[in-house]
Protein chains: 2
Amino acid sequence: MAGRRTDTRERIQQVALELFAERGYDKTSLQEVAERLQITRPALYYHFRTKEEILTGVIERLVESIEELVAWGRQQPATTEARLEILRRISGLLSDQWRPLFRFAQVNQGALEHHPKGERLRGCVISLVSLLCVPGESAEKQFESRLAVLAVILGNLPLLFGSESDPETDLNEVALRVATKLVTGEQPDE
Amino acid sequence: MAGRRTDTRERIQQVALELFAERGYDKTSLQEVAERLQITRPALYYHFRTKEEILTGVIERLVESIEELVAWGRQQPATTEARLEILRRISGLLSDQWRPLFRFAQVNQGALEHHPKGERLRGCVISLVSLLCVPGESAEKQFESRLAVLAVILGNLPLLFGSESDPETDLNEVALRVATKLVTGEQPDE
DNA sequence: GTCTATACTCGGATAGAC
DNA sequence: GTCTATCCGAGTATAGAC
């Protein structure tokens with residue numbers, strides 16, 4: 001897993017992620033990918049056997065980064081403070097490194113669903129959303145735990161939750177406060 | 001807007017909705033649509049000038065049904081009871097008539113984003129999600145109002161919120177209770 | 001007014017030359 | 001490791017049959 005002479009493979013994946021996130025998987029032609037890399041279309045087929053295999057690579061990166069966070073989150077204690085820390089961590093990643101990956105996931109939701117690796121991706125997204133659930137709890141508490149994670153995620157997608165009235169507010173902040181309330185069971189603390 | 005002698009046009013839209021919801025817009029070929037209708041591919045072009053125009057028809061149905069609900073919801077009083085009634089109504093529609101339409105919207109999120117009519121669809125989905133917002137309220141309250149609607153919607157997408165531990169629970173019921181709490185500001189009433 | 005036959009273009013994919 | 005040539009399938013356009 002080392003000593004690759006050129007970096008073409010990685011560059012393809014990077015350009016593909018960009019284009020897939022912008023225009024969507026299906027609407028992105030390999031022609032465009034090749035052009036942006038200054039190579040010809042069939043040249044791509046040296047590095048990947050199929051267009052879908054390029055997708056696979058991008059999905060794997062997404063899956064790995066989520067699984068990493070889930071693994072970390074699982075070995076945190078079940079205290080309220082630790083759970084809030086998990087929420088903050090998710091929010092931080094989303095507004096930073098994860099942004100393009102999540103944009104990609106959102107735009108290509110349909111393509112991901114029919115992809116071989118889609119099952120695994122779905123599984124780890126569920127793990128992420130369920131990270132704050134405690135096994136013994138009631139169905140309602142579990143739903144609230146998941147909703148809290150979702151709230152933080154949605155706080156990073158202004159499209160749906162942008163408040164027309166006052167666009168100044170930091171949506172992330174608001175989402176985090178609402179998620180906190182959901183997890184702690186209402187505690188306005190102000 | 002009446003007196004069409006054959007129903008081919010409607011049948012195309014119906015079959016298209018089915019296939020788009022199943023396999024996704026891009027992965028559905030006009031060949032498949034035509035085959036399922038027992039006509040030839042070019043015959044579709046008599047009724048619709050392009051594949052995208054078929055999509056447009058499906059989107060319009062979706063938009064209309066949402067706008068209808070939003071219009072009704074907007075003329076409800078701002079009382080707590082009325083807001084809960086709105087949530088119940090959304091939940092009811094989702095688990096019934098809207099199910100295929102929402103599955104379609106979910107699978108084809110990417111395609112919808114790049115469609116001319118996508119803007120309008122997005123707008124009316126935002127209206128739907130914001131239906132319980134009251135203009136003067138704090139950003140937090142508004143976020144919670146939107147989250148309540150989302151919760152009800154998510155309660156109908158078992159994929160993400162299914163509880164492994166006890167799959168017997170009616171997710172809709174749970175979602176509705178959680179949404180109620182969000183709207184009324186915590187009131188366990190049990 | 002409704003559909004079929006045919007043909008064109010473009011994008012994904014393969015084989016083989018350099 | 002990349003390019004040329006080529007194939008195939010899908011969206012699209014048009015002519016014309018009924």
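Each chain gets a letter, A, B and so on, in the order the sequences are listed, and its residues count up from 1. All values derive from a computational prediction rather than experimental measurement.
- Atoms CD (B:Glu10) and C1' (C:dT2) sit 15 Å apart, rounded to a whole Å.
- Within residues 49-61 of chain B, the residues that place at least one heavy atom under 4.0 Å from DNA chain D are, in residue-number order, B:Arg49, B:Thr50, B:Lys51.
- Counting to the nearest Å, the C1' atom of C:dC10 and the CG atom of A:Asp26 are 15 Å from each other.
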Side chains of residues 100-110 of chain B: which donor-acceptor pairs under 3.5 Å do they make with residues two or more places apart or in other chains?
from	atom 1	to	atom 2	distance (Å)
B:Arg103	NH1	A:Glu113	OE2	3.3
B:Arg103	NH2	A:Glu113	OE2	3.3
B:Asn108	OD1	B:Tyr25	N	2.6
B:Asn108	ND2	B:Phe20	O	3.1
B:Asn108	ND2	B:Phe104	O	3.0

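- Residue pairs meeting the salt bridge (Lys or Arg N to Asp or Glu O under 4.0 Å) criterion with at least one member in residues 121-132 of chain A, sequence neighbours excluded: A:Glu119-A:Arg122.
- By the criterion of side-chain heavy atoms lying less than 4.5 angstrom apart, applied directly or through intervening Ile, Leu, Val, Met, Phe, Trp or Tyr residues, B:Trp72 is grouped together with B:Val70 in one hydrophobic cluster.
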Provide a list of protein-nucleic acid N or O atom pairs under 3.5 angstrom, restricted to nucleotides 15-18 of chain C.
none

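- Judged purely by distance below 3.5 Å, without hydrogens or angles, the side chains of B:Ser130 and B:Arg146 pair a donor atom with an acceptor atom.
- For B:Gln31, the CD atom counts as densely surrounded, since its 6.0 Å shell holds more than 12 non-hydrogen atoms of other residues, nucleotides or ligands.
- In this structure, the CG atom of B:Leu44 is 17 Å from the P atom of D:dT14, given to the nearest Å.
- For the segment residues 28-38 of chain B, the set of residues with a heavy atom within less than 4.0 Å of an atom of DNA chain D comprises B:Thr28, B:Ser29, B:Leu30, in numerical order.
- Regarding A:Phe48, its CZ atom lies at a distance of 13 Å from the P atom of D:dG1, rounded to whole Å.
- Distances shown here put a side-chain N or O of A:Thr40 below 4.0 Å from the OP1 or OP2 atom of D:dC3.
- In this structure, B:Arg9 atom CZ and C:dG1 atom P are separated by 14 Å, rounded to whole Å.
- Take the nearest nucleotide of DNA chain C for B:Thr8 and for B:Arg41: the residue whose nucleotide is more 5' is B:Thr8.
- An OP1 or OP2 oxygen of C:dC3 is reached within less than 4.0 angstrom by no side-chain nitrogen or oxygen of B:Tyr46.
- Summarising the geometry, the separation between NE2 on B:His47 and P on D:dG11 is reported as 17 Å, rounded to the nearest angstrom.
- Closest contact between the side chain of B:Tyr45 and the listed nucleotides D:dT12, C:dT14, D:dC3 involves D:dT12.
- Residue B:Lys117 places its NZ atom among 12 or fewer non-hydrogen atoms of other residues, nucleotides or ligands, all under 6.0 Å distant.
- Residues that satisfy the side chain to side chain donor-acceptor pair (under 3.5 Å) test with A:Gln75, not counting sequence neighbours, are absent from this structure.
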